[in-house]
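Working notes, structure below.
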Amino acid sequence: MTDYNAKFNAIEVTDELIAEHGITKEEHGIMLDIMGRTPNYTELGIFSVMWSEHCSYKSSRFWLKQLPTEGEQVIQGPGENAGVVDIGDGQAAVFKIESHNHPSFIEPYQGAATGVGGIMRDVFTMGARPIANMNALRFGSPEHPKTRHLLSGVVSGIGGYGNCMGVPTVGGETNFHKAYDTNILVNAMTVGLADSDKIFYSKASGIGNPVVYVGSKTGRDGIHGATMASAEFDDDSDAKRPTVQVGDPFTEKLLLEACLELMSTDAIVSIQDMGAAGLTSSSVEMADKGEVGIELHLDQVPMREEGMTPYELMLSESQERMLMVLKPGREDEARAIFEKWELDFAVVGKVTDTRELTMMWEGQQVGSIPVPPLVDASPMYERPWEETPQQDIIAASDVKAVDSLTELLKTIMGSPNMASRRWIWEQYDHLVMGNTIQAPGCDAAVVRLPETKKGIAISVDCTPRYCLADPKQGGKQAVAESWRNLTASGAKPLAITNNMNFGNPERPRIMGQFVGAVKGMSEAAIKFNYPVVSGNVSLYNETNGIGILPTPVIGGVGVIDDVSKAVSIDLKAEGEDLILIGETKGWLGNSVYLDTVEGREEGAPPPVYLDQELANGDFLRGLIDDGLVTASHDLSDGGLACAAADMAISGKMGAKLVQPASSDVPAHAYFFGEDQARYLISTKNAAVIIEKAQESGIPAEIIGKTGGSDLKLGEGDAISLAELREAFEGWMPEYMAVEL
Amino acid sequence: MKAKVTITLKNGVLDPQGKAIEHALTALDFGGVDEVRQGKVIELDLAETDEAKAKTQVEAMCEKLLANTVIEDYSIELSA
Amino acid sequence: MKAKVTITLKNGVLDPQGKAIEHALTALDFGGVDEVRQGKVIELDLAETDEAKAKTQVEAMCEKLLANTVIEDYSIELSA
Amino acid sequence: MKSAVILFPGTNRENDAIAALEQASGVKPQLVWHGETDLPKVDMIMVPGGFSYGDYLRCGAMGANSPIMREVAKAANAGVTVFGVCNGFQILTETGLLPGALMHNASLKFICKRTQLKVESNATNFTSAYETGQVITVPVAHNEGNYFADTDTLDRLEGEGRVAFRYCDEDGVVSDATCLNGSQRNIAGILNEKGNVLGMMPHPENAIDPLHGGVEGSPLFTSIVNSLS
Ligand SMILES: Nc1ncnc2c1ncn2[C@@H]1O[C@H](COP(=O)(O)OP(=O)(O)O)[C@@H](O)[C@H]1O
Ligand SMILES: [Mg+2]
């Protein structure tokens, strides 16, 4: 009889091998303590992925604990596959954002596609049908030789997966900056809809209950993907590339339908998708949460390739797979559903009372690890951190004024970071399901809930240059901007998910950025009652010691009770008044203006005054609810002038903006300053609005009128919309024209 | 001369298309079919007439554009 | 035995993929490239060991599923 | 009007189709699974959009070979109204119910946007509620919508008035510049010889609601209902 333990664990676990698995000296010691012996090869593999940064959050956990995660709207905060928020009427929004940065750099199409597939699984594992996808993308400078190829591949990968799944991709954000030249960011978010009393969790229970594997077969894909996501790149990374995972959206679509069908019965005790670290993290998580053990019969796992070993099976990151614990005796019922959908189904183990993760092969044990210490004793680092030094405040008067504001506006609107993203979102099916009320091109996407008047609003936001200059303000600003985007559409913001993309946390400066961002985010989230219900951390986004800009992306979700009241950004009719809500001091530090005109990426970023944010936003939401607003847009990059340009271009309607005589801000700073907490709206009811604003003490002024076919900034300075549109719509198609 | 480049997925890389074709063939009662893999073939006319040079040129095209060498292998056939 | 089916667009059918590749190759400074066409190759393992029978079987697969004969031609190579 | 919507593994616009049919007829269509060998007795069959079988190999190829499509073909030949949208159009051409083939978009990119279509004639069962020459706005969402047929077939389609819709601009101008996917002669939808089968790439079922995509797809469904009552 074959001794499988000897066969599969023949590789000797030396200190070198342990180090090669990314386990530090200190961790090595803890591991020996837990095991009371040297782990075998299979067990070592499991330790290495469970203790990777990606799975253990060892550098970030300490700080993440400071984020506010509670509120009466929260049904499930961080810790499950996705966050769950009550949206009333017995329904819940289930959502999360997740990065697939490293894989997308190696193979942009498949990396992005499997990122989208993974986040959708996180959401439907919880019993929710995905109803919308979003994405936040960061690429290197447009001049970098790889940028086009990466952009093209990532966008078609996101579309390829989401379109096939039939889930609309309704928005996102895209930036270019040289700091991302060799570390692009691909963050994908999914929002799903579930009945709030039918949420599924991962906690295993019921000693003896069957553990079931469903979905695709396991191959050797992406072994050590989680460890890769936790390591810096260097020039040898090409050579070390593990097998890339290939996505199969068709199978995932079947998996989605099959899971939802089974979920409509009461056969499932718990369910967990297999994401990073595949079978390992899914089984460990289920066992840990349920305070039980799990015994896996690895020879029963459906395999795609010959000769797979326990080590490979436990670490494979093959996509489109799920692990479930079923109620006893329900296997046949479940099997029938999965076979109808032509998916693999196998009973691969059972729940035990040992609190060990035990791996078997043809009845013989090939490895066993106690679960609680594997999870709890995993190292948590309070890494040394350094605060980012404060930057100088740059006075508007110290920044060069330009001769023609509209000429500059054209340059900015046609620049890589401000130009239209139509080239991207026309490759995404943003209409499938028939409920997209506000599509890409708006502040927030608005998606109606089937068979209701209600809708969910979604936005993803981050301004990395602010975060670099002042991580705390930047973190605050990202939360505020997402809150503002939802508000501008008329929705009530409910909760957020976050994707913390940073460089190497072992460098105190980088760790300091992380800490600052967390503090800023927390402050804003508390103020807005806008808690964090899920998230993801991606560290070590560095190549050869050069890190990305700190990029804590916020995915915000809100609810609007009647989608017919939602307001879009496009100007609607001639002769309406334009009102600017919020105070304009002309903040040019770290602005698009400063960068464009003087080539300076510096200065303190605009401060975020949370009281003002809250007051101005709540005021606007009330106006929208009262039907007083015809178009609305929050002010962000490029300030007032760029917001007005967005509104005019998308409404194909000209406008004239005049700086009020009462304002003593220099004109260039008035039109391009990036002061926060501001919105530009159009209305037929200006008098009513101004009166209401005065009553509530909200700064609001009529600053212009819609009409004509030009955009005018002040008296003598005009540009035709046609010219502006050509600059805005032209850049990306032209840039991408030479890419296959 | 003419070049024919055949691009196939590397061993071990999941081939959803191949899998689906296999499935469909079985459903259509074509029995005994196994290991279906789908790849691409690209045919080109080259101005180059020297075989060795043509080969180098096409190899460069494969590495730069035609094949995705992270997941694909390629082979080149040349003919006059 | 093994079968390799090559499926190419018929002459006269415009090939957008081929055209795009040609365009991209030219943009990458590969000169003298012309008439680029892209097709598919499908590899199968057959239980059938008789060459003539295998050929008939694969032809039937092509007609029924693998090729769309409105726009595509196919050719079959068999090997042991 | 009693209708059926065919469901393949990978279909994803079935609910959009159901909504449009229900809105026009007041009756909820029946869903029919691809593996069925019996069609319910209906007046009209819709083959909806999506990625049947992942669109692997060729869009619509595997769907066309499913058991239910044999029944759909029989019904079509017997005069039942059949309407294929997007992937449904691809399946109908692969089944041979409609001539030609749908190839990769000339841009090689998936295209999702609103587009203008010119209604070639209102003398069909599918377009009677429009005016001849009317320009309507409906969305497209496809990767392989580039219509191809040989010249004889194209001439015959035109000669027999079987081109139902063409891509055009807001003023109804049909030109290369308004052909968003490279289709020959800007063809967006065609009819079979008898006029009871229509296939089109754009999604009229996503233009039945003023809050989502506009309402210029609704008359198409109304036309179908009217033709059957
Ligand atoms: N990667 C992307 N995918 C889909 N939509 C995108 C993407 N990037 C940007 N967009 C869309 O382009 C529009 C402009 O984006 P952005 O300037 O970031 O908006 P805002 O400043 O209001 O946050 C938004 O509607 C957004 O949804
Ligand atoms: Mg905005």
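In this text the structure is predicted, and so the values were computed from the model without any measurement.
At a 4.5 Å heavy-atom cutoff, the contact between D:Thr11 and chain A is made by backbone atoms alone. For chain D, no part of A:Ser156 is nearby; none of its heavy atoms comes within less than 4.5 Å. Proximity to chain A (any heavy atom under 4.5 Å) is restricted, for D:Asn206, to the side chain, taken from C-beta onward. Residue contact with chain D, scored on non-hydrogen atoms closer than 4.5 Å, involves the backbone and the side chain of A:Asp248 alike. Only the side chain of A:Arg448 comes within contact range of chain D, judged by heavy atoms closer than 4.5 Å. Using a 4.5 Å cut-off between heavy atoms, D:Tyr56 contacts chain A through its side chain alone, with no backbone atom that close.
Between chain A and the residues D:Gly35, D:Gly54, D:Gly213, the largest count of heavy-atom pairs under 4.5 Å involves D:Gly54.
Other residues, nucleotides and ligands place no more than 12 heavy atoms under 6.0 Å from the NZ atom of D:Lys113. Other residues, nucleotides and ligands contribute only 12 or fewer heavy atoms inside 6.0 Å of the NZ atom of D:Lys2. Residue D:Gln134 places its CD atom among more than 12 non-hydrogen atoms of other residues, nucleotides or ligands, all under 6.0 Å distant.
At least one donor-acceptor pair closer than 3.5 Å links the side chain of D:Asn12 to the backbone N or O of A:Asn163.
The shortest distance between side-chain heavy atoms of D:Leu180 and A:Glu426 does not fall below 4.5 Å. Looking at D:Cys112 and A:Leu431, their side chains come closer than 4.5 Å, going by heavy atoms from C-beta outward. Residues D:His203 and A:Asp429 fail the side-chain proximity criterion, which asks for heavy atoms closer than 4.5 Å.
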